[in-house]
Amino acid sequence: MTDWIKGRISGIAGDSDLLILLSVVLALLVVGTVFGQCLKLRRSAGPELKKLAENFNARVKSWWMMCFVFAIAMATGGIGSIVLFMLTSFLALREFIAIVPTRRADHRIIVWCFWVILPLQYLMILTNWYGMFVLLIPVYAFLFVPTRSVIAGDCEGFLERTAKIQWGLMACVYCISHAPMLLQIPLKFQDAGLVNARLLFFLVTVVEMSDVLQYCWGKTCGRHKILPTVSPNKTVEGFIGGILSATLLGTLLSLVTPFTWYEAALISLTVALAGFAGDVTMSAIKRDCHVKDYGTALAGHGGILDRIDSLCFAAPIFFHLVRYLFSA
């Protein structure tokens with residue numbers, strides 16, 4: 001076991017491009033930490049600025065924790081990443097099911113979702129069974145959920161209840177599972193295994209930094225609400241500034257990916273826009289269920305699903321772009 005761990009650490013240490021990616025994220029976190037402390041120490045800060053500083057520092061602390069966990073998963077290779085995302089899907093699905101109305105008749109199918117369908121989806125990644133990976137939830141689980149539910153004989157709100165469970169599986173399990181599946185794409189590059197790891201890191205960095213940058217731009221110069229009834233804190237200025245900044249970041253990261261600079265720019269723009277769509281869509285679900293956050297697992301971020309809502313839409317888009325354009 002010790003030799004295996006040493007081998008994994010040596011593999012990461014020998015991948016200079018991945019180390020550059022890690023260094024960029026580390027530098028951004030350090031800058032964010034320093035900026036947050038400067039806001040906190042400003043003596044002339046009013047109540048609004050103090051609240052902003054408190055919220056920003058809580059977010060940065062959560063980011064340190066999440067990046068630490070993600071780095072450990074990367075260090076353990078494909079299995080570690082699969083386990084990490086499977087646990088993430090489990091917690092996200094639990095948060096989703098907790099806020100949507102269900103009835104006693106739904107309990108057995110919910111057990112199936114957590115303990116059978118979810119593990120099977122990630123087993124398809126582990127065994128690299130691509131055909132079943134893309135079909136298990138949108139075809140077989142889609143048909144199985146209402147069939148198993150109707151056996152309970154409860155027709156009260158049947159369509160709505162079934163659709164909510166199906167949506168939870170799609171967003172929290174199927175869509176998120178595309179992120180670790182990136183590690184299994186047979187790429188047409190030398191050292192493809194290392195490139196796969198960089199692409200997963202690239203996806204998470206661009207999508208999540210797009211969220212952070214939209215927040216920063218919105219708080220500093222946001223004036224016009226973009227979707228006030230869905231996400232009141234989002235502004236047009238924050239959207240444009242965050243998307244363009246994330247696109248620029250992704251373009252710069254092309255130096256450590258197989259993408260040319262213009263491919264990286266287009267792909268970054270696409271996944272940043274997809275991430276925004278995921279963010280506001282999952283926010284609309286919260287508004288419909290009359291809750292502020294999906295949970296309280298992460299200080300300053302709400303629940304797990306509040307943090308990965310952008311990834312729900314961005315991961316499948318990025319996965320299929322990479323598989324179509326760069327697979328062997």
Side-chain angles (χ1 to χ4, degrees), residues 1 4-5 7-8 11 66 69-97 106-149 162 164-187 192-201 203-204 278 297 304-305 307-309 311-324 327-328:
M1 178 63 71
W4 179 80
I5 293 174
R8 290 303 311 167
M66 289 188 289
V69 172
F70 188 70
I72 292 176
M74 295 289 288
T76 56
I79 293 178
S81 298
I82 292 171
V83 171
L84 171 66
F85 280 99
M86 182 171 69
L87 179 60
T88 301
S89 284
F90 184 93
L91 296 174
L93 183 60
R94 187 181 69 171
E95 291 176 350
F96 185 91
I97 294 297
D106 301 321
H107 292 177
R108 289 189 177 181
I109 189 57
I110 290 173
V111 170
W112 274 88
C113 291
F114 277 101
W115 300 107
V116 179
I117 298 172
L118 188 154
L120 280 176
Q121 179 69 11
Y122 281 89
L123 180 62
M124 297 307 104
I125 302 174
L126 186 63
T127 58
N128 199 18
W129 189 355
Y130 175 76
M132 186 56 70
F133 167 80
V134 296
L135 294 176
L136 178 64
I137 290 178
V139 176
Y140 299 109
F142 179 84
L143 298 174
F144 175 75
V145 167
T147 302
R148 180 62 187 84
S149 294
T162 302
K164 287 176 178 177
I165 294 172
Q166 289 172 325
W167 176 255
L169 275 176
M170 282 294 295
C172 303
V173 183
Y174 183 71
C175 290
I176 293 301
S177 68
H178 282 77
M181 191 62 177
L182 280 166
L183 299 172
Q184 303 288 30
I185 299 179
L187 298 173
L194 296 177
V195 174
N196 288 75
R198 292 177 214 152
L199 292 180
L200 175 57
F201 206 93
L203 167 66
V204 175
I304 297 293
L305 193 50
R307 189 62 272 140
I308 63 168
D309 50 8
L311 205 60
C312 290
F313 279 37
I317 299 294
F318 183 74
F319 172 84
H320 289 289
L321 279 174
V322 170
R323 189 174 186 275
Y324 178 75
S327 63

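In what follows, residues are counted from 1 in the order of the sequence shown. Given the structure is predicted, the values throughout are model-derived calculations rather than measurements.
- Judged by distance alone, with hydrogens and angles left aside, the side-chain atoms of Asn196 form a donor-acceptor pair with the main-chain N or O of Leu182 at under 3.5 Å.
- For Ala171 against Ile176, the heavy-atom pair with the smallest separation is O-CG1, 3.6 Å.
- In terms of heavy-atom proximity, Thr147 sits nearest to Leu143 at OG1-O, 2.8 Å.
- By the 4.5 Å heavy-atom criterion applied to side chains, Tyr140 and Leu135 are counted as neighbours.
- For Ser327 against Ile185, the heavy-atom pair with the smallest separation is CB-CG2, 4.1 Å.
- A cation-pi geometry, defined here as NZ or CZ lying under 6.0 Å from the six-membered ring centre and within 45° of its normal, holds between Arg323 and Tyr130.
- Under a 3.5 Å cut-off, the side chain of Tyr174 and the backbone N or O of Leu136 do not form any donor-acceptor pair.
- The CD atom of Gln166 lies 12.0 Å from the CZ atom of Phe144; values are rounded to the nearest 0.5 Å.
- Looking at every heavy atom in both residues, Leu305 comes nearest to Cys312 through CD1-SG, 4.3 Å.
- Aromatic pair Phe90/Trp115: ring centres closer than 6.0 Å.
- With rounding to the nearest 0.5 angstrom, the CG atom of Asp106 is 7.0 Å from the OG1 atom of Thr162.
- Residues Ala92 and Ile308 share a closest heavy-atom pair of CB-CD1, 3.9 Å.
- Centroid-to-centroid, the aromatic rings of Phe318 and His178 stay 6.0 Å apart or farther.
- Ser177 and Gln121 get closest at one heavy-atom pair: OG-NE2, 3.1 Å.
- In this structure, Ile304 CD1 and Cys172 SG are separated by 11.0 Å, a value rounded to the nearest 0.5 Å.
- In this structure, the separation between CH2 on Trp167 and SG on Cys175 is 7.0 Å, given to the nearest 0.5 Å.
- With hydrogens and angles ignored, the 3.5 Å screen pairs a side-chain donor or acceptor of Tyr122 with a backbone N or O of Phe85.
- Note that CD1 of Ile109 is 6.5 Å distant from CD1 of Ile165, once rounded to the nearest 0.5 Å.
- Contact of the Leu199 side chain with the Leu203 side chain is not registered, since no non-hydrogen atoms from C-beta on lie closer than 4.5 Å.
- Between atom CZ of residue Phe133 and atom CG of residue Leu126 there is a gap of 12.5 Å, rounded to the nearest 0.5 Å.
- Under the side-chain contact (heavy atoms from CB on, under 4.5 Å) test applied with Met86, the options Ile125, Leu118, Leu123 reduce to a single match, Leu118.
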